[in-house]
Amino acid sequence: MSLTWRLLKAAFTSLWAFRSYALLMMIGLIIGIASLTVIHQIGQGTRQRVLSMMESMGFGSDAFFVSGGGGRLGVRRGMKRTMTITPADAEAVSRLDGVAQVVPHKNVTRTQVSAGARHTNTRVRGATPEWAAARRWGVARGRFLNVQDERRRARVVVLGTTVARELFAGMDPLGRRIRIGRTPFNVVGVLESKGSSGWRDRDDMVLIPLATAMTRMSRDDKLSGMRTNLEDPGRREEIKQEVTELLRRHHKLGPGVPDDFLIITPEELTQLITSQSRALVAMLSFISVVSLFVSGVVIMNIMLVAVSERSYEIGVRRAVGARRRDIMYQVLIESLAVSAAGGVCGLALGLLLSGLATLLLDVPTAFSPTGFIWALSFSCLVGLLFGLAPARKAASLDPVEALR
Amino acid sequence: MIQLHNITKTYHRGKLPTPVLLGIDLKMEAGEFLSIMGPSGSGKSTLLHILGLLDRPSGGSYRLDGSEVSSISDDDLARLRNAKLGFVFQAFHLLPRANALANVLLPFTYAGQFPPDAQERARQALSRVGLEHRLHHRPGEMSGGECQRVALARALVNDPEVILADEPTGNLDQRSSLEVMSLLQGLNAEGRTILLVTHDNAVGCMARRVLRLVYGRVCSDEKVANPTQALQQLATLPPPGVQG
Ligand SMILES: Nc1ncnc2c1ncn2[C@@H]1O[C@H](COP(=O)(O)OP(=O)(O)O)[C@@H](O)[C@H]1O
Ligand SMILES: [Mg+2]
């Protein structure tokens, strides 16, 4: 049995003996650590939601996404539907230095698709053969759209699994004929299932050749957007600037006229998601700072009183051979024990509250291992910091005085 | 074993310094049983605290086992207290939330190395003071006499050379006092050095040597020709439970 272990056991025993005081000492800590935990859970949830949105939009740090219509991400008043990017723009961007590849696509408005008597509403997207590789999204059955489809503006379609299930209910859709709107298409493949991205079902979609979408399914010749892959992620800001200038020139936008397109980077997505919980996080930060400080002061004062009330105990320990630093160590371990216990309770409460925040406020939260570590180390830090004064007071007691 | 030469102690509390010990000389061999007596305020406790390394003298020299201890570090004092000394106080000073066994184990906590047979030695110490049936009782569940015997077990569990007791019978009835004194006499008969502070003549005469202090000076230092035997006194008392 090591000294530390014996002291810890003694500390928890006296904690239990003084449990009403201990609870008083822990309350602020529990609130503070719970808030800290919720903050971390929100941070982690936000990161995960951004990642899944990026995944579902198909880009990471080595790419950005150019979308038609101006405005800002998340607040695109009225401009959302104005498609402005042309195939010629895509062509020009792809020739810029540092751009590895441009993968354009065109969304056709949500349309009814049908097979025989069965029908469903789904997103119809025109895509090029490169789309599958760029999105790392292969087919589960059949084949993907190819160059001949594109050249011939073929009426072929690759189904998302949700649509395949809705229309064919377990039967093999390959080679079958469906209608998109009134136009007949041949099913050549079924995509792999990607599941939900948290905000929409990614398998609820069908893909047709981009050329088919541009000519047969739509009146305009504009693209919805283009994924722009970079050779070097480090030059992203620079290339973003060049693309902006190029598109403004192509679209003949004079000085002062706002962009009629939008370049979306991972950072902007993160900001968008973060803005949903910014107020909550600010409030929680305030609560946690205040309550951690208050709890520290409460712990310090209760421990100071306890030291004077138990001075003869300290005297006895000194008499049987405790050094000053043994006494200091003991008091510190006691305040650490209180604060660690409070930290664990706060952590539990925080997990509960962040579950509620997701449920009631739709704030994204997710379990955060770093938050776990932060909660525990922060509560221990409070115990250590505010236990210092009582510990020093206890250690500085003169044994003869203490025994009087 | 113990050599004091011109030990002085002056407290500096308030404006005027309070001289308490005015030059004490004392020489003791191992195995002696000394009682320090004198009127209240004569400096008995102060002297015992200095002898017990709980306090430092203001001047003079204190040699314990041949080495000067009046100027060694706090940590060294703590180590010596742990290894060589055992204390008994008037107010018992047991930890209220710990049972008898845990109280007796306390010195081992600070012994550097927790001995593997600590539990066994604590039980032995408790049975030495006749409390083998009270191992798991807390101080609040025991009589004053039993508490003081637990304190005595705590003082001797580390096998110290010297046991120091400051008015150990001050809070006890006659029977319990005699029980504690007979235990101290027994320990002395085994060769342990005992230092006892008391203002009670009957108790003081159970030691083999009596040092009398008056106003911080030694006024007499005499061998007791025929120390009272506490065990015999105990036999003359009416049996417990009979009201006297
Ligand atoms: N810490 C102190 N500060 C000032 N005076 C003290 C202190 N401790 C003891 N004294 C004084 O020293 C004198 C001797 O005290 P003490 O040794 O406890 O006497 P005794 O034990 O013989 O009754 C007393 O007059 C007491 O008031
Ligand atoms: Mg006294």
Side-chain angles (χ1 to χ4, degrees), chain A residues 1-22 302-303 305-334 337-338 391-404, chain B residues 9 11 13 20 45-50 52-56 73-99 102-116 118-119 138-139 151 154-158 160 164 166:
Chain A
M1 206 165 52
S2 74
L3 179 64
T4 313
W5 173 243
R6 267 177 284 138
L7 288 178
L8 258 179
K9 204 179 132 194
F12 276 106
T13 311
S14 56
L15 258 191
W16 183 246
F18 293 107
R19 50 194 171 275
S20 51
Y21 279 110
I302 292 183
M303 300 276 304
V305 171
V307 165
S308 12
E309 277 181 356
R310 292 193 302 170
S311 77
Y312 88 84
E313 172 182 337
I314 293 164
V316 168
R317 290 178 184 272
R318 293 294 304 277
V320 301
R323 297 164 300 177
R324 287 189 190 280
R325 84 179 78 123
D326 293 325
I327 300 297
M328 176 135 173
Y329 197 30
Q330 181 193 344
V331 174
L332 273 183
I333 282 187
E334 282 179 12
V338 177
R392 293 176 64 130
K393 180 183 173 188
S396 70
L397 279 181
D398 178 54
V400 175
E401 292 289 324
L403 284 168
R404 203 177 294 277
Chain B
K9 180 72 184 180
Y11 286 109
R13 163 100 35 109
V20 176
S45 296
T46 306
L47 179 59
L48 192 78
H49 291 147
I50 289 173
L53 305 177
L54 281 169
D55 205 354
R56 291 171 191 276
S73 75
D74 271 11
D75 284 3
D76 287 337
L77 288 180
R79 193 174 41 75
L80 284 177
R81 287 198 296 270
N82 185 262
K84 295 193 172 179
L85 310 178
F87 288 92
V88 180
F89 303 97
Q90 178 173 1
F92 322 141
H93 287 333
L94 299 175
L95 304 188
R97 292 181 309 281
N99 62 29
N103 266 292
V104 174
L105 279 167
L106 192 65
F108 290 130
T109 303
Y110 303 105
Q113 195 70 48
F114 198 77
Q119 293 272 338
R138 292 184 181 198
R154 181 179 65 193
L156 60 87
V157 73
N158 240 1
L164 304 99
D166 192 350

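Order of the sequence lines fixes the chain letters, A, B, ..., with proteins taken first and strands second; residue numbering starts at 1 for each chain.
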Do B:Tyr110 and A:Arg317 have side-chain atoms, one donor and one acceptor, less than 3.5 Å apart? yes
Taking side chain as everything from C-beta outward and backbone as N, CA, C, O, which of these in B:Asp75 sits under 4.5 Å from a heavy atom of chain A? Side chain, backbone, both or neither. both
For B:Leu94, which atoms come within 4.5 Å of any heavy atom of chain A: side chain, backbone, both, or neither? backbone
Interface moiety of B:Pro116 toward chain A, non-hydrogen atoms closer than 4.5 Å: neither
Basic-acidic side-chain contact under 4.0 Å: B:Lys9, B:Asp55: yes
If the threshold is 4.0 Å, N to carboxylate O, is there a salt bridge linking A:Glu313 and A:Arg318? no
Between B:His93 and chain A, which part of the residue has a heavy atom less than 4.5 Å away: side chain, backbone, both or neither? both
Salt-bridge contact B:Arg56-A:Asp398 (side-chain N to carboxylate O under 4.0 Å): no
